[in-house]
Amino acid sequence: MKEISYWLFKAEPHIYGIDHLQAAPKKIGRWDGIRNYQARNFLRDQVKLEDQVFIYHSSCKLIGIAGTAKVVKPAYPDPTQFNPQSDYFDQKSNPDNPRWVSVDIQLTNICSKIIPLTELKHYSQLDNMALFKQSRLSIQPVTKEEWDFILGLF
DNA sequence: GCCAACGTTGGC
DNA sequence: GCCAACGTTGGC
């Protein structure tokens, strides 16, 4: 059994955020709609069962880390890519070789108070986070050191 | 709503 | 394979 890895998943809370996970049956939700190849590659090739995930809220009033989740189902074809009704529909994706994947995650903890991006930026321990270096990556790896440090802020 | 950064598309 | 045009992300 390989060691678990740590990740940060971005979400726009008005579309799908920690509140949606909280309200879902068993607090399990499908992480779909990822349409960026670098993020897709992480999701498809590296995110595995039991991995730990920070839920990060972006493009909203209170930007920052909102809680944690764990992966309960690793990569499988994202059904929204084949649904013409979906915003995430992708005409060019071939069902025999799906372009996009989803994972299912289960909410494990909600921060008593969202840890704001502005605060995270202050800690030198977090200087190397992809969050600051490559701000548009919606699925990004987190080191164990970063994970533990941020958990300490909960 | 603005706009910088950066990812994607398509003509050549 | 280059690169200009265009579209999207995401902080402010």
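Atom set for the values below is all heavy atoms of this structure, side chains included, hydrogens, waters and symmetry mates excluded. Below, chains carry the letters A, B, ... as their sequence lines are ordered, and counting in each starts from 1. Given the structure is predicted, the values throughout are model-derived calculations rather than measurements.
Distance, N41(A) CG to dG7(B) P: 13 Å, rounded to whole Å. If you measure from atom CZ of R35(A) to atom P of dG10(C), you get 15 Å, rounded to the nearest angstrom. Per the geometry, NZ belonging to K10(A) stands 6 Å off P belonging to dG11(C), to the nearest Å. dG10(C) atom C1' lies 17 Å from atom NZ of K61(A), rounded to whole Å. Put simply, CE on M129(A) is 12 Å from P on dG11(C), counting in whole angstrom units. Atom CD of Q134(A) is separated from atom C1' of dT8(C) by 15 Å (rounded to the nearest Å). A straight line from CD1 of I114(A) to C1' of dG11(C) spans 15 Å, rounded to a whole angstrom. Rounding to whole angstrom units, CZ of residue R136(A) and P of dA4(B) are separated by 14 Å.
Using the six-membered ring where Trp is involved, W31(A) and Y16(A) have ring planes that are perpendicular, over 60° apart on the 30 and 60° scheme.
As judged by a 4.0 angstrom heavy-atom cut-off over every strand, S58(A) is placed among residues touching the sugar-phosphate backbone only. If you check every strand for non-hydrogen atoms under 4.0 Å, F132(A) touches nothing. Residue K121(A) is in sugar-phosphate contact alone, with no base atom involved, counting any heavy-atom pair closer than 4.0 Å across all strands shown.
In this structure, Y56(A) reaches the dG11(C) phosphate: one of its side-chain N or O atoms is under 4.0 Å from OP1 or OP2.
Among dG10(C), dG11(C), dG7(B), the nucleotide with an atom closest to any side-chain atom of L117(A) is dG11(C). In the set dG11(C), dT8(B), dC12(C), the nucleotide with an atom closest to the side chain of T118(A) is dC12(C). When each of dC12(C), dC6(B), dG10(B) is scored by its nearest atom to the side-chain atoms of K92(A), the top-ranked nucleotide is dG10(B).
Residues H57(A) and L62(A) fail the side-chain proximity criterion, which asks for heavy atoms closer than 4.5 Å. Side chains of K133(A) and N128(A) form a contact here, defined as non-hydrogen atoms less than 4.5 Å apart.
Looking at W7(A) and D51(A), their side chains do bring a donor and an acceptor atom within 3.5 Å of each other.
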May I have the step-by-step check of side chain to side chain donor-acceptor pair (under 3.5 Å) for Q38(A) and Q134(A), ending in yes or no? CA-CA 11 Å; Q38(A) 207 185 344; Q134(A) 199 181 348; 2.6 Å; yes
